[in-house]
Amino acid sequence: MSKLYNLSGKQVNAGIRRRDFTAEEYICQILERIDKVNAKVNALITTDREGALGKARFVDRKLHEDEKKLGPLAGIAIGIKDNICTKGLKTTCASKMLEEYVPPYDATVVRRLKDNDAIIIGKLNLDEFAMGSSTEFSRFGPTRNPWNIDYVAGGSSGGSAASVAASECPVSLGSDTGGSIRCPASFCSVVGLKPTYGQVSRYGLIPYANSLEQIGPLGKTVSDVVMIMNTIAGADENDQTVQATYRPPDYVLSSSRKMRIGLVTELTEGSNPEISKCIYSAMDTFTSLDCCCEETSINYVEYALASYYTIAMAEASSNLARYDNIRYGFNFAPDGYEWNAYLARVRSNFGEEVKRRIIVGTYVLSSAYYGKYYLKAQKIRNLLKQELRSLFKKYDVLIAPTMPILPFKFGEKIDDPIKMFMIDIDTVIANLAGIPAISMPAGFSNGLPIGLQIMASEFQEQKLFDAAFLFESKTNNDRSPEL
Amino acid sequence: MVMMEQDDKESSSVKIGLEIHCQLTGLQSKLFCLCFCNYREQEPNKNICPICCGLPGTLPLLNKAAVDSASMVSLALGCRIPDSIMFYRKNYFYPDLPKNFQLTQYNAYGVTSIGVEGRLKYGKKSSGIRRIQLEEDPGRLVYESNGINNSSSYILIDYNRAGTSLVEVVTEPDFIDPKDVRIFLNKITSIIEHLGVCNTKLEGSVRCDANISIRGGKRVEIKNVSSFKEVEKALNYEIARQKTMSMHDIRIQAETRHWDDSRKVTIQSRVKEEEQDYRYFPEPDIPTILLGKEYVSSINVKMPELPDKRKDRFIMSYELSEHIAQVLIDNKELADFFESAVKIYFSPKEIANWIVTELIRFTDEDSLIESKIDSASISPQPSSFFAGLKIEAKHIAELAKLVDSNSINRNIAKMIFTQIIKTGELPSQVLARTNVLKIEDRNIISEAVESVFRVEKSAIRDAKINPNVANFLLGKVMKLTKGRADPKITLSIINRKLGRTS
């Protein structure tokens, strides 16, 4: 019964059903693990001890009374990024603006996890309002990389990736607007999926950029990620952007071979040499598994970053307007203030990165510049979509690095926003095009993880899983650092 | 003549455009959530949910029925419905706006709102309808003072209204005469009543802003006009004000002015230094809504009879005059009342006359001619034209029947009418109670004639040379019988006694 916290989600569920251990014993170990490592890693903002233990006892009772009624995720500890609403549990977005905010409702994904008897262990750290690529912009301090705590964990779902790598929970949910799941998954050597836009309900996800982002799972194995996707994906009456016509997902693990794979040359070549070497060797791995691999190009890559940041900031500037501290927020009495003065005082509490994006977003939407920036960005987006559509007629999946660089040290890029933006070059493509993409642990350089990114066509998550599982079965990179 | 020509020229340089907001009160729920559309009479901030409060993470869920209602309004006002529509965010900060942006529609970049390029005839004129858009209403601000001094007043916010559906009708600046504006507004009111999408009698359900310029000058917007009738007054005042200013070479500036209902003047409320930039962009959380030809014809099938058609039918089937038909049609409740009475007893002209000449006088004149508007006034508004009146269609039907059958004369009928409207009794009940039936018994009338003849001896002497004496005597008999004697019978008896044949 040692080290239950190292088990994958699937193993936990099986162990509880086999009565090898109880859900309560498991959760106690998870809480102990959190107590031991979270001070180092800072992956969790809130740990819901009572809630988790209560649910664990509930699962144990249910198992005892009627095992058939037990949900498929029974007993599995899961962490939730702190921009996804949890009823009765603080949801802060790592921002002063919401530091006391307790949502009155569950996000659809959270409700589905609960209904399937998963155990919500706590809320995970992130860049304020998911704006950042290193989790350094959190009001609650940065998340540290479990592989080397002097390095960033990536972002914005830094807590989601680090908590899994540090075995504080086997699976977690993150959100990905421009790479926010895949970047930290890559930096922390875990599996992270950004689903197709419209595949997972965003109801309850506190928005950064609505047209780009999706909630997705992170885990130590492809199998766990598939399991979580089967629970959270599918039509939702509370989100009209989820494709209702699409059948409920029932993804399977199959290592189908003979896939047609395209390696995106400019993304691979544009990366740190250690990384591009690793991606080329990943291509060799696929070739050795009977896949048909070749190099290919995405022409619109050079405009992708500009297009992404224009659209994301435009939407963000409007999304963040509601934080006026009138209906919810932090404790700050309005007495004696005139409305505009109060508004200004309140909104000065946003962090620097958030302010930057609100200002830029406001600028690109102003009527004088709308055509010059926002519309142009949307045009690029459409062109990129079309280009990818035609590429996916040739290839089942595209591969590229997840990140062009290795994890970096704290403070290295924080003063240079452009440098920080640049590292999203490989990930924003999937968000602009709305396609699914997964980051797979692909190797290490100087003890720092490298991620392989696999992209598929819209709603072709199964192809993504096929390729990922195939790769995983052959490579099996380490996912549990010593802490 | 010269003066008149100049006057005409001047009036033709006036340009008035309107923005009319109609709440879709006929809906069950709000535009983007399942909260009740009817927020009235609810405790403040009880008719709310995470969505209409704009809580973080919530998404708008478009109410398809609202799209249908807005489509009906668009078709009724002669607009074209595009093949697809989108919603836009209009970004501005205001405490009554939970998300600090309003979900509305926008016409630009090849996208249009739900209705465009319409035209509505009113009387002999017509006005272009620039666009019709579907949007959400904000919450309400309630200004409170602590009663000691006004400077320490505070504002309460009630979000019950937030998220209810509005249809905004924007006209071309086609009006030159404020009187036309009133006629146009009456027509719009009647149309949306007939469509059943908006109860215009509810407080705040219809609101109108007007913009006005003279001789191509700067546009002045007039807001806070409390009723459609006041719109006409406000416009008349504003025309006079602007003309006086330009006569003295004072530059008219682009501004927003509020109509002061008590002093009957417009007051400057905001100078428009520059257009506020609302940073419109498409709402990503609401997918494009496909409408198309099939959809439009499905709405067309559902369209009820509209005022113009109904008026034609009233003239054709009931042989009503143009004027009377118009008065009935202008207020759907009156027209409905008329038709139910006619169903009970078919005497359309008689019934219409009772409604148009008598019933109207007993109703709140304001609520007839105009629809009461927002104005943030707290006094409850009658939600029906017949509020406080106990009269029903069956009353008018029975009254018409009594008059038609000559059972009572018109004066008595009017007396009965004033009773039933207050008590709700049937005319026959009033008759039985007050004994006002017409006297048709020749013996009783003869007796009355006899007694008049005994008194009016000198008049009878003059009768031979003055033919008017018979009428004089008739008047005396009517007075004696308190108007109940049948005048025809009475006159024939008088004439016989005077030795004449009538």
Side-chain angles (χ1 to χ4, degrees), chain A residues 83-85 91 93 97-98 101 103-105 107-108 129 198 201-207 209-213 236-243 311 314-315 317-324 326-328 334-336 339-340 342-343 347 361-368 370-371 374-375 378, chain B residues 32-34 45 48-64 87-103 106 108-111 139 141 151-157 159 162 274-289:
Chain A
N83 62 349
I84 300 172
C85 290
T91 301
C93 284
M97 303 302 284
L98 291 175
Y101 179 63
Y105 72 101
T108 297
F129 285 101
S201 168
R202 286 180 295 113
Y203 183 68
L205 169 64
I206 299 181
N210 324 47
S211 75
L212 296 160
E213 61 205 6
D236 174 23
E237 57 181 13
N238 287 314
D239 182 353
Q240 294 181 335
T241 64
V242 177
Q243 304 278 335
I311 294 167
E315 291 179 12
S317 71
S318 170
N319 286 331
L320 296 186
R322 73 188 63 193
Y323 304 107
D324 53 20
I326 287 185
R327 293 158 300 276
Y328 47 83
D335 305 64
W339 155 249
N340 281 315
Y342 182 74
L343 193 66
R347 288 173 66 79
T362 304
Y363 179 80
V364 298
L365 281 180
S366 61
S367 56
Y370 185 88
Y374 184 81
L375 267 192
Q378 293 289 11
Chain B
F32 298 114
C33 65
L34 294 176
N45 293 315
I48 53 172
C49 74
I51 296 175
C52 57
C53 278
L55 290 194
T58 55
L59 302 169
L61 302 172
L62 179 63
N63 181 350
K64 298 270 159 53
F87 284 87
Y88 273 72
R89 290 187 185 179
K90 180 181 183 180
N91 293 287
Y92 64 97
F93 288 92
Y94 211 67
D96 64 5
L97 204 56
K99 303 181 290 290
N100 282 319
F101 60 77
Q102 182 196 28
L103 283 177
Y106 190 54
Y109 310 108
V111 185
L141 299 184
S151 62
S152 51
S153 63
Y154 56 94
I155 299 171
L156 299 171
I157 313 174
Y159 291 107
E274 52 190 272
E275 282 291 306
Q276 191 173 352
D277 192 341
Y278 291 115
R279 293 176 284 118
Y280 287 96
F281 76 100
E283 168 59 66
D285 290 331
I286 303 174
T288 301
I289 301 114

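In what follows, chains carry the letters A, B, and so on, assigned in the order in which the sequence lines appear, proteins first and then strands, with residues in each chain numbered from 1.
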With only heavy atoms counted, which part of [X] is less than 4.5 Å from chain B, the side chain, the backbone, both or neither?
{"X": "I326(A)", "value": "side chain"}
{"X": "L212(A)", "value": "neither"}
{"X": "Q378(A)", "value": "neither"}
{"X": "Y370(A)", "value": "side chain"}
{"X": "I84(A)", "value": "neither"}
{"X": "N340(A)", "value": "neither"}
{"X": "A209(A)", "value": "neither"}

Per-residue contact mode, [X] against chain A (heavy atom under 4.5 angstrom):
{"X": "P50(B)", "result": "side chain"}
{"X": "Y92(B)", "result": "neither"}
{"X": "F93(B)", "result": "both"}
{"X": "I157(B)", "result": "side chain"}

Can you tell me if [X] uses its side chain to pair, donor with acceptor, with the backbone of [Y] under 3.5 Å?
{"X": "Q102(B)", "Y": "L97(B)", "result": "no"}
{"X": "N210(A)", "Y": "P284(B)", "result": "no"}
{"X": "Y280(B)", "Y": "L365(A)", "result": "no"}

Practice problem: Using the side chain to side chain donor-acceptor pair (under 3.5 Å) rule, take N91(B) and S318(A) through it: C-alpha gap first, then chi angles, then the decisive distance, then the call. | Solution: CA-CA 7 Å; N91(B) 293 287; S318(A) 170; 2.9 Å; yes
Practice problem: Sort out for me which of P287(B), P95(B), G54(B) touches chain A most, counting heavy-atom pairs under 4.5 Å. | Solution: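 Ranked by heavy-atom pairs under 4.5 Å with chain A, first place is P95(B).
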Quiz prompt | NZ/NE/NH1/NH2 to OD/OE distance under 4.0 Å, D285(B) and R202(A) | solution = yes
Practice problem: Walk me through it: do N319(A) and R89(B) pass the test side chain to side chain donor-acceptor pair (under 3.5 Å)? | Solution: CA-CA 10 Å; N319(A) 286 331; R89(B) 290 187 185 179; 2.8 Å; yes
Quiz item: With side chains defined as the heavy atoms from C-beta onward, is the minimum distance between T91(A) and N83(A) less than 4.5 Å?
Solution: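 No, their side chains stay 4.5 Å or more apart.
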Quiz item: For the candidates Y323(A), Y374(A), W339(A), which exhibits the highest count of non-hydrogen atom pairs separated by less than 4.5 Å from chain B?
Solution: W339(A)
Exercise. Could you check which of L205(A), D335(A), L98(A) has the highest count of heavy-atom pairs closer than 4.5 Å to chain B?
Key: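 Counting heavy-atom pairs under 4.5 Å, the top option is L205(A).
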Quiz item: Can D236(A) and T108(A) be counted as having a side-chain donor-acceptor contact under 3.5 angstrom?
Solution: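 The answer is yes; a qualifying pair exists.
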Quiz item: Between F87(B) and F32(B), what is the ring plane arrangement, given parallel below 30°, perpendicular above 60°, and tilted in between?
Solution: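 Taking F32(B) first and then F87(B), their aromatic rings stand perpendicular (interplane angle over 60°).
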